[in-house]
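Step one of this worksheet: look at the structure below.
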Number of protein chains: 2
Amino acid sequence: MRGKTTSANAVPAMRGSLHRSVAQDIGARILNGEFAPGTLLPNEAEWCASFGVSRTAVREAIKMLMAKGLILSRPKIGSRVQPRTSWNLLDRDVLSWYCAAANPTHFLVHMQQVREILEPETAALAAVNRTDGQMAEIENAFNAMAEAKTLSAWNAADVVFHQAILLAAGNELLVPLGLVIESALGSMFNYTASQRGDIGRTLPGHARILAAIRGRKPNAARLAVRQLLRDTGRVVDQVTSSRPKRPRAAKA
Amino acid sequence: MRGKTTSANAVPAMRGSLHRSVAQDIGARILNGEFAPGTLLPNEAEWCASFGVSRTAVREAIKMLMAKGLILSRPKIGSRVQPRTSWNLLDRDVLSWYCAAANPTHFLVHMQQVREILEPETAALAAVNRTDGQMAEIENAFNAMAEAKTLSAWNAADVVFHQAILLAAGNELLVPLGLVIESALGSMFNYTASQRGDIGRTLPGHARILAAIRGRKPNAARLAVRQLLRDTGRVVDQVTSSRPKRPRAAKA
DNA sequence: ATTGCGGCTTTTATCATACAAAATAATCTG
DNA sequence: CAGATTATTTTGTATGATAAAAGCCGCAAT
């Protein structure tokens, strides 16, 4: 009855932490709908048995999920899945679990909507608030894009470009928001280039954004970003319409 | 050497969890700048001593802070404060710590900026995507505002009104974002009324939003929200300029 | 029969202790 | 001096015991 290694414990080692992989597993299954909001989770002893780990590990995992707003645990009651409204969906982990579980089409559409709302205004703010140092950062990233020969170099520079604008906007709240969106999108596909042929295609669009921010023209920056999003939006459209993508082990 | 109750441990009981109050304390001190990014925190034993609690409690607190992206702990190294870019600032707790620690003027300005970016577009999306049921929710909230006699009734209905629009926008990512902003703002002052005399003042503005969403006119909705924000923005301006507000039990 | 009180039981919360593993620092050997 | 080896420190995991919360049951009193 020892090395039971029940079901879900397919995770081999996961570099370091055990509690982390336990949290990972439970969290994914909650986002997955296997444990719906309001559901009472198995108690600690049952988790210990099913994962074959100690209570310590399970409890630390539960504390992490608690910190992310997924569950609430109380003595004698157990751990109950919280209503969706208290989930920290904008947490990197939670978002990645959601992203793996949810309908990818829906998810991408929503993500794109948020980008279309945020990015133009972020650029407009950057045009107003940027410092010279931040401007230099943006220009460096742009130059790196211009000189990029490989797809990965292009995309890396692209990410830096976006982040530099984000920082230049000078809004503490916008930064984490942008980073989360980026990291979620980045794990699915790249910003403005998905094939070798795309390299440089959107460079003029980026140049317009750069110029607007340099010239401190918020409205021009806003329009330039909208234009760029229209161009690259097609990439998303392609993905969402064909929607083959990794179907991600459709278990149950 | 027992009831040492060192320094920070001013927290008496805090209904339930010990690990929670430990996390609270450490988290606040990180956001506070007492432990800057890159800093190595005291090790578990030292925390145990300084809080007078067991290692279990400290570890669970640390796991929570880890889950929120504030720190990273590794064997032999200890717990290091992560760079700000990995902080989940959009987590309720983290935001509240930040809000307590940061320059309130800055914070409010940034918050208001985010509102000005998000809310008009949220309303526009709601105008497009709303279902009839969601429309009814919005109208109910509006009616409650219209009939509100007390300040608290008005503000409660106001929050419901905003949330109903948020839900009607039909974007899974926008919802948690809006909720976080709301909860942070709500903890500082109320939405559109801060004095008895303000009750009903913005009712016509709300009515315009309502009508636009009912009529499925996204652009009208956008404009109506912008108008309302301009009206209520003044409240923020007042607060940020005078900036007395309850100084929040300046304990230690 | 209903209600209020007290004890029972389950489950998490906390504590204490021991050992394992990781990563650095120190040391030894060639 | 270089490289490998051993120490050491700190977190990670396991285990077992006790405390506290909160529902549950039953008993009793009116």
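FYI, side chains are in, hydrogens and waters are out, and symmetry mates aren't considered; it's all heavy atoms of this structure. All chains are named by letter (A, B, ...) in the order of the sequence lines, taking the proteins before the strands, and each is independently numbered beginning at 1.
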Q: For dA13(C), take OP1 and OP2 only and decide whether either is under 4.0 Å from a side-chain N or O of Arg59(A).
A: yes

Q. Within the structure, does a side-chain N or O atom of Lys63(B) lie under 4.0 Å from either OP1 or OP2 of dG12(D)?
A. yes

(Q) Please give me the minimum heavy-atom distance between Ile138(B) and Ala164(B), naming the atom from each residue. (A) CG1-CB, 3.7 Å

**Q.** Closest contact, heavy atoms only, Ala126(B) versus Ile165(B)
**A.** CB-O, 3.7 Å

[X] has an atom [atom1]; how far is it from atom [atom2] of [N], in whole Å?
X        : N       : atom1 : atom2 : answer
Arg74(A) : dT10(C) : CZ    : C1'   : 15 Å
Arg80(B) : dA22(C) : CZ    : P     : 19 Å
Arg20(B) : dT12(C) : CZ    : C1'   : 13 Å
Leu41(B) : dT10(D) : CG    : P     : 14 Å
Glu60(B) : dT14(C) : CD    : P     : 7 Å
Ile77(B) : dT10(D) : CD1   : P     : 10 Å
Lys76(B) : dT9(D)  : NZ    : P     : 7 Å
Trp47(A) : dA14(D) : CH2   : C1'   : 20 Å

(Q) Let's see if you can work this out: which of dA14(D), dT10(D), dC15(C) has an atom nearest to the side-chain heavy atoms of Ala57(B)? (A) dC15(C)

(Q) Could you check whether the side chain of Arg55(B) and the base of dG12(D) have a donor-acceptor pair of N or O atoms closer than 3.5 Å, going by distance alone? (A) yes

Q: With pairs defined as Watson-Crick or G-U wobble and both distances under 3.5 angstrom, please note down DNA chain C as a dot-bracket string, | for pairing with another strand.
A: ||||||||||||||||||||||||||||||

Q. Should His19(B) and Lys63(B) be marked as a side chain to side chain contact (heavy atoms under 4.5 Å, CB included) after you check the CA-CA gap, both sets of side-chain angles, and the distance that decides it?
A. CA-CA 10 Å; His19(B) 54 255; Lys63(B) 288 293 161 298; over 6 Å; no

Could you give the side-chain donor-acceptor pairs of residues 79-87 of chain B under 3.5 Å, partners two or more places apart or in another chain?
| from | atom 1 | to | atom 2 | distance (Å) |
| --- | --- | --- | --- | --- |
| Arg80(B) | NH1 | Gly38(B) | O | 2.8 |
| Gln82(B) | OE1 | Ser86(B) | OG | 3.4 |
| Arg84(B) | NH2 | Glu172(A) | OE1 | 2.8 |
| Ser86(B) | OG | Gly69(B) | O | 3.4 |
| Ser86(B) | OG | Pro83(B) | O | 3.1 |
| Trp87(B) | NE1 | Gln82(B) | O | 3.0 |

Q) What does Thr56(B) touch in the nucleic acid at a heavy-atom separation under 4.0 angstrom: a base, only the sugar-phosphate, or nothing? A) base

Q) Within a strict 4.5 Å, meaning less than it, do heavy atoms of the Ile117(B) and Leu125(A) side chains meet? A) yes

(Q) Assess, by modelled atom type and distance only, whether the side chains of Ser21(A) and Gln24(A) contain a donor and an acceptor separated by less than 3.5 Å. (A) no

**Q.** Pairs flagged by salt bridge (charged side-chain N to carboxylate O under 4.0 Å, His left out) wherever residues 99-112 of chain B is involved - sequence neighbours left out
**A.** none

Q) Quick one: on DNA chain C, does Glu46(A) or Ser54(B) contact a more 5' nucleotide (nearest heavy atom)? A) Glu46(A)

